[in-house]
Amino acid sequence: MALQIITANRLLDGEVVYLGENAEWIENLSGAKTVDDADGEANLLAAAKEAEATQKIVGAYLMKVARDAAGIQTLSVKEEIRAKGPTVRYDLGKQAR
Amino acid sequence: MYRYDEFDSDFVQQRVEQFRDQVERRIAGDLTEDEFKPLRLMNGLYLQLHAYMLRVAIPYGTFNAAQMRKMAHIARKYDKGYAHFTTRQNVQYNWPVLKDIPTILEELAAVEMHAIQTSGNCIRNTTSDQYAGAAADEIEDPRVYCEIIRQWSSLHPEFTFLPRKFKVAVTGATTDRAAIRVHDIGLAIKKNAEGEVGFEVHVGGGQGRTPMIAKAVRDFLPKEHLLSYLEAILRVYNQLGRRDNKYKARIKILVHETGIEELRGLIEAEWERIKDSALKLPLDEVDRINDYFAAPAWEKLDATSRLFEVKRFEDRGFANWVKANVVAHRQAGYAIANISLKPEGEAPGDITDSQMEVVADLAEKYSFDEIRATHEQNLVLPHVKLDDLFEVYSILNTAGLATANLGLISDMIACPGLDYCALANARSIPVAQAISKRFSDIERQFDIGELKLKISGCINACGHHHVGHIGILGVDRKGEEYYQITLGGNANENAAIGKIVGPSFSYDSIVDAVETVVNTYLEIRNGKEESFLEAYNRVGLAPFKERLYA
Ligand code: HEM
Ligand code: SF4
C-alpha cells in the first residue's frame, strides 16, 4: 500500500494541519505520522473523526506522500502549496515562519 | 451614494449578531461543520487552502473613503495587510481567523458594508458599470436599479434557497462594461422609439463548465415592471431549474434545455399574472432612490485644462497613464481615472492596506468621496477634474498605483488559482505575473492595443477565461499544471465564448505560447487599427494554431 498521512484544516483559523506521530494535529508536514497498511489508514481516519467531533479540525482527508532522505515529500503541486504557502508570496503561510 | 435606512441597518446588525451566535455555537460544538457551512456561506465565509476567506460585497461597485479606510483597517488588523478585488465587485480577505469574523462584520456594518449575498445559492450582489453616473455614453444611472434589486432580493423568502447561485448585472450605457451577457440575468437600460426608458432583458448567461451567452428574453421592459419581471423569471427558474445535479442547476441550463421561446412564454405568462401587483414600482420610489445617486456638485469648467495639457506634454509617464487609464467624463472639465491593480509582476486585484488609504484620501480630496471597483479587478476615481489629474497621478505613482495599462495585455483578470483556492487545478497568479513581466514594455503594449487576457485556475471560470480575447484555463494533467488557451472570447455587447485553440501547454511554456499568439496577431493584422479581436474574427483559429503547434 502507498505511504499515506492524514491532513485537515484547523477549525479555529483554517491552518493546514497533519496528524503527527504522537496523536497531535501539527502544522508541519515533516512530523506527520505515515502509514502504509489498512490498519494504519483506519487509525488515521478514526483519529480524524474524533478530532472533527471535538471541534479541532474540519475536512480531513488521507493523502499519499513519499519519503526520501530529506523526509516526507508531497506528491502534488496542491499539497506542496498547502504545506508551504502561496508560491507568489513567500512572506505568507508556513514558509514565512 | 445610497445610505442605509433604519431597516437596512437593523437587518445588517441583526445578521452580525446571528452570525456571532452561530460562530460561538460552532466553536463550542453545538453546530457540526455540515450545519455550520451553509450558515457561514450566507455570510461570505469560505474555507480555502490555507485559511478562511471572507468575501465582502461592494454593492454595484460604488464605495467611499470611509469604507475604503475600514477595509484597509481590517486588512491590517485581522488579515495580512492586503485585500483582493474580485471580478464581481467584491473584496476578499485571505487569512482571517474564525473567531474574528463576527467582529469584522460588525466593523463593516459600522460603515454600511456586509458580506451578505456574496456566496451561497441566493441572488448575489448585483453588479454594474464602474463608470455609472460618470460615463459619457450613459442613458440612465444603473445603480438606482441595482439598489432596487438589492432591496427586493435581500431576504426574499422565495429566493433564499434557489437551485444554484444567481447573478444579476445592470448596465446603463451603450457600451457594456458590466459583462451582462454572461450573467444569469443581464439588464441593459435602453430608450424605445417613443423615448421611454426601460430595460432590454437577457437571461441564461454564465461561465463555469458550460459557458453560455445570455439570450434576449424581452426587448423592452418599462421600468416600473422591473421587479415583477425579475420575480417572474426567478419563479419559473425556482420551479423548473434542476436540483438533482449542481452542474445543471444554473438558469443557463434551463434556457438551453427548454429553449428560449418556451421559457419566454412561461415567464411572460407568470408576469402577466403579477405585473400589476405590489411589485409594480411606484415612480416616486424610483425618484427617491434616484436622489441618492444624484450627480455630485460638479463645477462649471472649461472642456480643456491648460495645466493638464502642459503636464501631459512634459511628463512621459503621465502622458502614458492618461492615454491608457483616463476616460472621458460626461461633465466638461472632468475625467474618469482608472487605478490599475495590475502593476508589473504583481497579483492582479491585490492592494495593500496603505495603498487603500492612499486611494481613500484621493477619493475624498479629488473625486467627491467616490471610488468604484470594476469587474476587471481595478479601481476607479470617477469624477476627477482635469486640473487635478496630474496631482492625482503623482500621488498614485508614489504609492505604486499608477500603472498605465488599462485594457492592454498586462491588465489581466486572474482568479486566485491554486495558490489560494481549494478547487483549483493550476496556479493563475504566477502565470499572470510572468505574462505581465514579459509584456512590460509600454510601447509594445500600446502597439498591441486592446487585448483582454483572462486566466482561471479551473473550469469554474472565476477568472472569466471564456470571455477573454485570449483565455487561459488551468487544467490538471496527471497531477501537473497545464494551461489551455482559448481565443476570441468577448464580454461586452458583442459577447462571445472563446474557442479552444488546441492541446494545452505546460507551466513552463504557457507564457511563450501567449507571446506566439500575440506575435501572430501582429503579423496578420490589417494595420494597427485592426484590434486583436477584429483580426481573430476575420481569420479564425487557423493561423494561430499553425504557429502554436508548428
Ligand atoms: C477563492 C475562492 C473561490 C471559490 C471556492 C469559488 C468557487 C466558484 C465556483 C464553484 C464557481 C462555479 C459556479 C457554477 O458554475 O455554478 C465559481 C464561479 C465564479 N466565480 Fe468563484 N470562487 C472563488 C473565488 C472567486 C474569485 C476570487 C472571483 C473573482 C476574481 C470569483 C468570481 C467568480 C465568477 C465571476 C464566476 C463565474 C460565474 C458564472 O458561472 O457565471 N470567484 N466560483
Ligand atoms: S476558477 Fe477555479 S481555481 Fe479559480 S478561483 Fe474559481 S474555483 Fe478557484
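Quick note on labels: first sequence line is chain A, next is B, and so on, each numbered from 1. Side chains are part of it too, since the values below use all heavy atoms of this structure and drop only hydrogens, waters and symmetry mates.
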Looking at [Y] and [X], is any side-chain nitrogen of the basic one under 4.0 Å from a carboxylate oxygen of the acidic one?
X      : Y      : value
B/R438 : B/D512 : yes
B/E344 : B/K437 : no
B/E357 : B/R76  : yes
A/E52  : A/K49  : no

Would you call B/F85 and B/L341 a side-chain contact if the rule is heavy atoms closer than 4.5 Å?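 Yes, their side chains come closer than 4.5 Å.
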For the residue pair B/V514 and B/F439, establish whether any side-chain heavy-atom pair is separated by less than 4.5 Å.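 Yes, close enough: below the 4.5 Å cut-off.
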Under 3.5 Å, is there a donor-acceptor pair linking the side chains of B/S504 and B/R477?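 B/S504 vs B/R477: donor-acceptor pair found between side chains.
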Testing the 3.5 Å rule here: is there a donor-acceptor pair between the side chains of B/E107 and B/H73?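 B/E107 vs B/H73: donor-acceptor pair found between side chains.
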Using heavy-atom distances under 4.5 Å, tell me whether [X] contacts chain A through its side chain, its backbone, both, or neither.
X      : answer
B/L49  : both
B/Q433 : side chain
B/A51  : both

So which of [options] has the biggest tally of heavy-atom pairs under 4.5 Å with chain B?
options                    : answer
A/L75, A/V77, A/T54, A/I81 : A/I81
A/V16, A/T87, A/V58        : A/T87
A/S76, A/G14, A/A53, A/G85 : A/G14

Counting heavy-atom pairs closer than 4.5 Å to chain A, which one of [options] comes out on top?
options               : answer
B/K80, B/K99, B/R427  : B/R427
B/L418, B/V97, B/N94  : B/L418
B/D100, B/L98, B/D476 : B/L98

Can you check whether anything in residues 89-97 of chain A gets within less than 4.5 Å of chain B, heavy-atom wise, and list it by number?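 Result: A/R89, A/L92, A/G93.
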Show which side-chain atoms of residues 16-29 of chain B pair as donor or acceptor with protein atoms under 3.5 Å away, not counting sequence neighbours.
{"residue": "B/R20", "atom": "NH2", "partner": "B/E106", "partner atom": "OE1", "Å": "2.5"}
{"residue": "B/D21", "atom": "OD2", "partner": "B/R25", "partner atom": "NH1", "Å": "3.1"}
{"residue": "B/R26", "atom": "NE", "partner": "B/E33", "partner atom": "OE1", "Å": "2.9"}
{"residue": "B/R26", "atom": "NH1", "partner": "B/L31", "partner atom": "O", "Å": "3.0"}
{"residue": "B/R26", "atom": "NH2", "partner": "B/E33", "partner atom": "OE1", "Å": "3.2"}

So which heavy atom on B/Y82 is nearest to which on B/D350, and how close?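 Of all heavy-atom pairs spanning B/Y82 and B/D350, the closest is CE1-OD2, 3.6 Å.
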